[in-house]
There are 2 protein chains.
Amino acid sequence: MSTERPRLTRDRVLAAAIALADSSGIDALSMRSLAADQGVVPMALYKHVAGKQELLDGMVDAVLTGLPPLPGGSEWRPRLRERILATRATLLAHPWAPSVIETRTHASPIVLTYMDELMGIFRTGGFSAELTHLAMHALGIRMWGFTREVFPTPATPADPEQRAAMLAQFQTQFPHIVEIATATAGHPGSETAGCDAQVEFEFSLDALLDGLALRLAEQKASAANSARGRQRSASPR
Amino acid sequence: MSTERPRLTRDRVLAAAIALADSSGIDALSMRSLAADQGVVPMALYKHVAGKQELLDGMVDAVLTGLPPLPGGSEWRPRLRERILATRATLLAHPWAPSVIETRTHASPIVLTYMDELMGIFRTGGFSAELTHLAMHALGIRMWGFTREVFPTPATPADPEQRAAMLAQFQTQFPHIVEIATATAGHPGSETAGCDAQVEFEFSLDALLDGLALRLAEQKASAANSARGRQRSASPR
DNA sequence: ACCTGAACACCGTTCAAGT
DNA sequence: ACCTGAACACCGTTCAAGT
């Protein structure tokens, strides 16, 4: 008697889940709320996704499908940088993505492809398989273009008198936190006072890439040494 | 009529929660299961912790209380390294700690103290307030001595025939993943094939510290330059 | 001061049935 | 092939009461 509801498909379910998580937060996304959103009984979803975990897997895959093509070339550093920053830009539209990615226990083919491509960038750039392995671990979740926030704010009491007392105590109890908070409080256009997430991310990524570059240089030096050694001990000519 | 149950206290509740999470996993820890474990009705816990989130906050605090004293000295790099590796050693006994720490939204005084001390190590070592701020972001969750696992294994089908087919397809579809998995598969004494988490953590931390050391050197160089500039333009003598 | 009991408003998922 | 209904075994948390 009401208007025709379009038939559910896997893609429609995933798109609806992403839209719901984008607008209402990941905590508001349940099989039941998603079903209600689609005007359907909870169990109807199970014909299209195996369960909640598989729904979350599918949401990650759907978002990653929107990534730009892998940058070409053989210079590992600009390629890696561009790739990771593009991933960051893509995931930034979906605040739930970091926590969902972190809680995945199985990698989908799309996720495996993403990681395989990153490893390919290292290998093409001259990293050995072993060094690539370590470098991937060093990237960690940063490979997805985000880092977990390490500055959870302390719970601030609502009562203004208590708040003032807390701030005063803060000054003496956590002098460095206060110093750093005030030293960087002037950044324009930043959401959380004193924090420009893009600047901080690029700083962190570049610092790590510097460290990896040093290790690549070491690897090349030791390879050259052992090659010289082999040449010396081999038959002349 | 049964044996006397010792009165609940906040410390006893936290210790029981930690023991339960250690032995049965964080998913098995609910207000209800913890209450049952203590032979008490769920609501009895609320006299000692305000709710589940506050329980988790308290668990983190209780574990951090077991940290060794902050290393002294003025050399930032060995101090930071020692501090973070000690934290890692402490948290390693509690597999639930990383995910719980990551989901905290408010920092307790104990957590704030930990971060303030790390910042103090940077500042004493010559980092400016701004550079310390960025360095803390670069450390990210690594400051807690862990990194999130970035290699979730693909779901392997139970059927052996399907598994063999998957492995064959893997070889061509994800060549770098296979190469890296086989190149590092021989590590002795590693739990997950080819992965030595301690080696990987220290590699990652040291690579990052190298990057931070470079930036500290840049900061000092530019400070020296502007000091020379100031001296030149100042009155002689 | 500390603990209990019953209830509320949720979850994900199963099973057996409908069309 | 796709969707429904009812049920199961859970959650965290409230409120009002007990001792």
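Letters go in sequence order (proteins before strands), and every chain restarts at 1. Computed from heavy atoms alone, side chains included, the values below leave out hydrogens, waters and symmetry copies. Since the structure is predicted, the reported quantities are computational estimates derived from the model, not experimental observations.
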(request) Tell me, please, which residues at least two apart from B:Phe203 pass ring-ring contact (aromatic ring centres under 6.0 Å, His included). (result) none
(request) Return the value, rounded to whole Å, for the distance between atom NZ of B:Lys52 and atom C1' of C:dC10. (result) 15 Å
(message) How many whole angstroms separate atom CG of B:Leu34 from atom C1' of D:dC10?
(response) 16 Å
(request) Classify the side-chain pair B:Asp61/B:Ser108 by whether it contains a donor and acceptor separated by less than 3.5 Å. (result) yes
(request) For the residue pair B:Arg12 and B:Gln38, confirm or rule out a side-chain donor-acceptor distance under 3.5 Å. (result) no
(message) I'd like to check the salt bridge (charged side-chain N to carboxylate O under 4.0 Å, His left out) partners of B:Glu130; sequence neighbours left out, ordered by chain and number.
(response) none
(message) Roughly how many Å apart are C:dA7 and D:dC11, using the C1' atom of each and rounding to a whole number?
(response) 14 Å
(request) State which residues pass ring-ring contact (aromatic ring centres under 6.0 Å, His included) with B:His176; sequence neighbours excluded, sorted by chain then number. (result) none
(request) Report the residues that fulfil salt bridge (charged side-chain N to carboxylate O under 4.0 Å, His left out) with B:Arg10, sequence neighbours left out, ordered by chain and then residue number. (result) B:Glu54
(request) Sort by first number and list every stem of DNA chain C: at least 3 consecutive Watson-Crick or G-U wobble pairs, both distances under 3.5 Å. (result) C:4-8 with D:12-16, C:12-16 with D:4-8
(message) Taking 4.0 Å as the cut-off, does a side-chain nitrogen or oxygen of A:His48 come that near to OP1 or OP2 on D:dC3?
(response) yes
(request) Grab the CG-P distance between A:Leu55 and C:dC11 for me, whole Å please. (result) 14 Å
Donor-acceptor list for residues 164-174 of chain B side chains, cut-off 3.5 Å, not counting sequence neighbours:
unit_1	atom_1	unit_2	atom_2	d
B:Gln169	NE2	B:Gln173	OE1	3.3
B:Thr172	OG1	B:Gln169	O	3.0

(request) Using heavy atoms and a sub-4.0 Å distance, could you list which residues of residues 23-33 of chain A are near DNA chain C? By number, please. (result) A:Ser30, A:Met31, A:Arg32
(request) Specify the separation, in whole Å, of atom CZ of A:Arg10 and atom C1' of D:dA1. (result) 17 Å
(message) Going by salt bridge (charged side-chain N to carboxylate O under 4.0 Å, His left out), name the residues that satisfy it together with B:Arg88, two or more places apart in sequence or in a different chain.
(response) none
(message) Within the 4.0 Å limit for protein heavy atoms, which parts of nucleotides 14-19 of chain D are touched? Write it as a string from 5' to 3', B for base, S for sugar-phosphate only, - for none.
(response) BB----
For residues 137-147 of chain A, which side-chain donor-acceptor pairs fall under 3.5 Å, sequence neighbours excluded?
unit_1	atom_1	unit_2	atom_2	d
A:His137	NE2	A:His133	NE2	3.3
A:His137	NE2	B:Glu200	OE1	3.3
A:Arg142	NH2	B:Ala138	O	2.8

(request) Just jot down the side chain to side chain contact (heavy atoms under 4.5 Å, CB included) partners of A:Pro175, sequence neighbours excluded, or say none. (result) B:Asp116
(request) Could you state the atom-to-atom distance from CD of B:Gln38 to P of C:dT4 in whole Å? (result) 12 Å
(request) List in chain and number order the residues that pass salt bridge (charged side-chain N to carboxylate O under 4.0 Å, His left out) with A:Asp206, two or more places apart in sequence or in another chain; answer none if no residue qualifies. (result) A:Arg81
